[in-house]
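One structure below.
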Amino acid sequence: MGLVNDALGLPQSVLILGGGSDIARALVRSLVATRTRTVVLGGRPDSKTIALAVDEAREGGASAVGTVHFDAMDPASVATAVDEAFAAYGDFDLVVVAFGVLGDQATAEADPSAAVEVATVNYAAAVTAGLAAARHLRSQGHGTLLALSTVAGERVRRANFVYGSSKAGMDGFYQGLGDALAGSGARVVIVRPGFVRTAMTAGMDPAPFATDADTVAAAIVAGLGKGSQTIWVPSLLRWVFVVFRHLPRVIWRRIPG
Ligand SMILES: NC(=O)c1ccc[n+]([C@@H]2O[C@H](COP(=O)([O-])OP(=O)(O)OC[C@H]3O[C@@H](n4cnc5c(N)ncnc54)[C@H](OP(=O)(O)O)[C@@H]3O)[C@@H](O)[C@H]2O)c1
């Protein structure tokens, strides 16, 4: 099953950690419209949006839909949830790490425990998720591990350096994990969207090149079909960041939030 799916790039079975996120829900809607039939959504047990995602997956045509529970503030619970999903549903063609928090930069600068919360969810739990999922993908000999990173980690800004640095760490971790999986049959795909209009950014002024969750989902599906390793959304941001990466810090530190 896996070899056929990998050749086409599009999965029949997906495990989404952070399955209630707006981007994850849009991705599930896009995937079930193609060939995805098994959908397992992971997240906090009281997440209302996971319940919506379950309904959307079923309505979209998935034949097996399930949930597993974890709280990313307790990274070990993420590994347990991954193990439960593989034990209950067998192989997955695609595992997506979508959970994350933006946090509030001013609060995080004033209260280190708030900063640690962002680092725990976005970095420590994402590391745990990646290692737990990679172990299963390596042993099944196929599958894609897709990490929702961000351009905010490509060059960390003064205006949101707690979030940006947590995602920079996460992005670097998944790059290395992808290299570690080379030759195993499993692979890592990193997605770097710019500003996306979702629950996470509600009430914020959109940044230049802002997109929505459906656009990110469409880019992911297209990228999976093409076998991309890195998916920038919109794709132009890749070249924008080639320039941004080299701006002098005296200019870069003035880039607003
Ligand atoms: N929006 C953007 O501009 C943007 C840009 C680039 C990358 N991203 C990344 O894309 C991913 C999805 O974000 P989104 O925009 O779709 O935001 P979202 O709708 O706010 O989704 C965030 C998800 O993270 C989950 N989550 C937060 N804390 C958790 C915890 N302690 N345990 C378990 N789950 C937890 C939330 O679960 P609950 O349902 O329980 O709250 C929610 O499903 C994130 O990793 C984000 O960093 C977002």
Side-chain angles (χ1 to χ4, degrees), residues 15-30 41-54 56 67-82 95-105 114 116-130 146-157 159-160 162-171 173-174 189-217 219-220 230-234 237-238 241 257:
L15 166 61
I16 309 216
L17 305 167
S21 93
D22 284 347
I23 294 174
R25 284 174 55 203
L27 179 60
V28 167
R29 291 193 297 269
S30 296
L41 301 161
R44 289 184 280 205
D46 58 352
S47 169
K48 291 185 182 62
T49 48
I50 286 199
L52 293 176
V54 165
E56 289 166 351
T67 55
V68 287
H69 295 138
F70 64 85
D71 187 331
M73 282 299 290
D74 171 16
S77 72
V78 184
T80 304
V82 169
V95 179
V96 179
V97 180
F99 59 81
V101 286
L102 188 56
D104 178 75
Q105 176 68 26
V116 167
E117 200 166 306
V118 173
T120 302
V121 172
N122 292 348
Y123 183 73
V127 164
T128 310
L146 185 139
L148 254 304
S149 178
T150 164
V151 298
E154 185 66 10
R155 186 169 183 192
V156 174
R157 282 180 298 135
N160 72 349
V162 173
Y163 173 76
S165 64
S166 68
K167 296 298 266 191
M170 180 239 202
D171 193 298
F173 168 82
Y174 278 91
V189 174
I190 296 175
V191 184
R192 294 192 191 127
F195 186 104
V196 189
R197 287 179 287 267
T198 66
M200 182 174 275
T201 54
M204 295 171 62
D205 290 335
F209 309 107
T211 54
D212 57 26
D214 288 320
T215 303
V216 178
I220 292 173
T230 311
I231 301 169
W232 298 77
V233 196
L237 282 176
R238 174 180 181 183
F241 270 81

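Remember, it's 1-based here, ligands and their atoms both numbered in the order they're listed.
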Heavy-atom pair of closest approach, residues P45 and F70: CD-O, 4.4 Å
Relative to ligand 1, is L148 under 4.0 angstrom through side chain, backbone, both or neither, heavy atoms considered? both
Using non-hydrogen atoms of the residue, decide whether A213 is closer than 4.0 angstrom to ligand 1. no
For F99 and ligand 1, does the shortest N/O to N/O distance drop below 3.5 Å? yes
Counting from 1 in the order shown, the ligand 1 atoms closer than 4.0 Å to a non-hydrogen atom of T201 are 1 (N), 2 (C), 3 (O)
Identity and separation of the nearest protein heavy atom to atom 8 (N) of ligand 1: Y163 OH, 3.9 Å
Going by the order shown, which atoms of ligand 1 are within less than 4.0 Å of some heavy atom of F195? 3 (O)
Determine whether any heavy atom of A98 lies closer than 4.0 Å to an atom of ligand 1. yes
Within a strict 4.5 Å, meaning less than it, do heavy atoms of the T49 and R25 side chains meet? yes
Below 4.0 angstrom from a heavy atom of T49, which ligand 1 atoms are there? Numbered from 1 as shown, please. 39 (O)
If I compare all heavy atoms of I50 with all of G20, which pair ends up nearest, and what's the gap? CG1-N, 3.4 Å
Test your reading of the model: is there a side-chain donor-acceptor pair from T128 to the backbone of A79, 3.5 Å cut-off? no
Under 6.0 Å from the CG atom of D46, do we count more than 12 heavy atoms belonging to anything else shown? yes
What is the nearest protein non-hydrogen atom to atom 20 (O) of ligand 1, stated with its residue, atom name and distance? M200 N, 3.4 Å
Would you mind finding which of S21, G100, G42 brings a heavy atom closest to atom 24 (O) of ligand 1? G100
Do any N or O atoms from the side chain of S21 and from the backbone of A24 form a donor-acceptor pair under 3.5 angstrom? yes
Give the intermediate values and the outcome of side-chain hydrogen bond (donor to acceptor under 3.5 Å, both in side chains) for residues D22 and T198. CA-CA 6 Å; D22 284 347; T198 66; 4.5 Å; no
Nearest protein heavy atom to atom 32 (N) of ligand 1, by residue and atom, and its distance? A72 N, 2.8 Å
Determine, considering heavy atoms only, which of V196, D22, I23, D71 sits nearest to atom 19 (O) of ligand 1. D22
Say whether A24 and ligand 1 are in contact under the criterion: heavy-atom distance to a ligand atom below 4.0 Å. no
Examine distances only and state if a side-chain atom of S149 and a backbone atom of I190 form a donor-acceptor pair shorter than 3.5 Å. no
Students should be able to answer this: which protein heavy-atom is nearest to atom 5 (C) of ligand 1, and at what distance? G194 O, 3.1 Å
Per-atom filter on ligand 1: closer than 4.0 angstrom to a heavy atom of P193 are 6 (C), 7 (C)
A student checking ligand 1 against S149 at a 4.0 Å heavy-atom cut-off should list atoms 6 (C), 7 (C)
So if I apply the side-chain hydrogen bond (donor to acceptor under 3.5 Å, both in side chains) rule between S166 and each of N122, T150, D171, which one comes out positive? N122
Among protein heavy atoms, which lies nearest atom 45 (O) of ligand 1, and at what distance? K167 NZ, 2.8 Å
A side-chain contact here means heavy atoms from C-beta on lying under 4.5 Å apart; do L237 and E154 qualify? no
Exercise: identify the closest heavy-atom pair between D205 and F195: O-CE1, 3.6 Å
Starting from atom 6 (C) of ligand 1, find the nearest protein heavy-atom neighbour and note its residue, name and distance. T150 CB, 3.5 Å
Look at atom 37 (O) of ligand 1 and find which of E117, H69, R44, R25 reaches it with the closest heavy atom. R44
What is the nearest protein non-hydrogen atom to atom 15 (O) of ligand 1, stated with its residue, atom name and distance? T198 OG1, 2.6 Å
Side chain E117, main chain M73, donor-acceptor under 3.5 Å: no
Are any of the side-chain heavy atoms of W232 and T230 separated by less than 4.5 Å? yes
Only heavy atoms of V101, strictly under 4.0 Å: list the atoms of ligand 1 that pass. 27 (C), 28 (N)
So which protein heavy atom does atom 39 (O) of ligand 1 come closest to, and at what separation? S47 OG, 2.7 Å
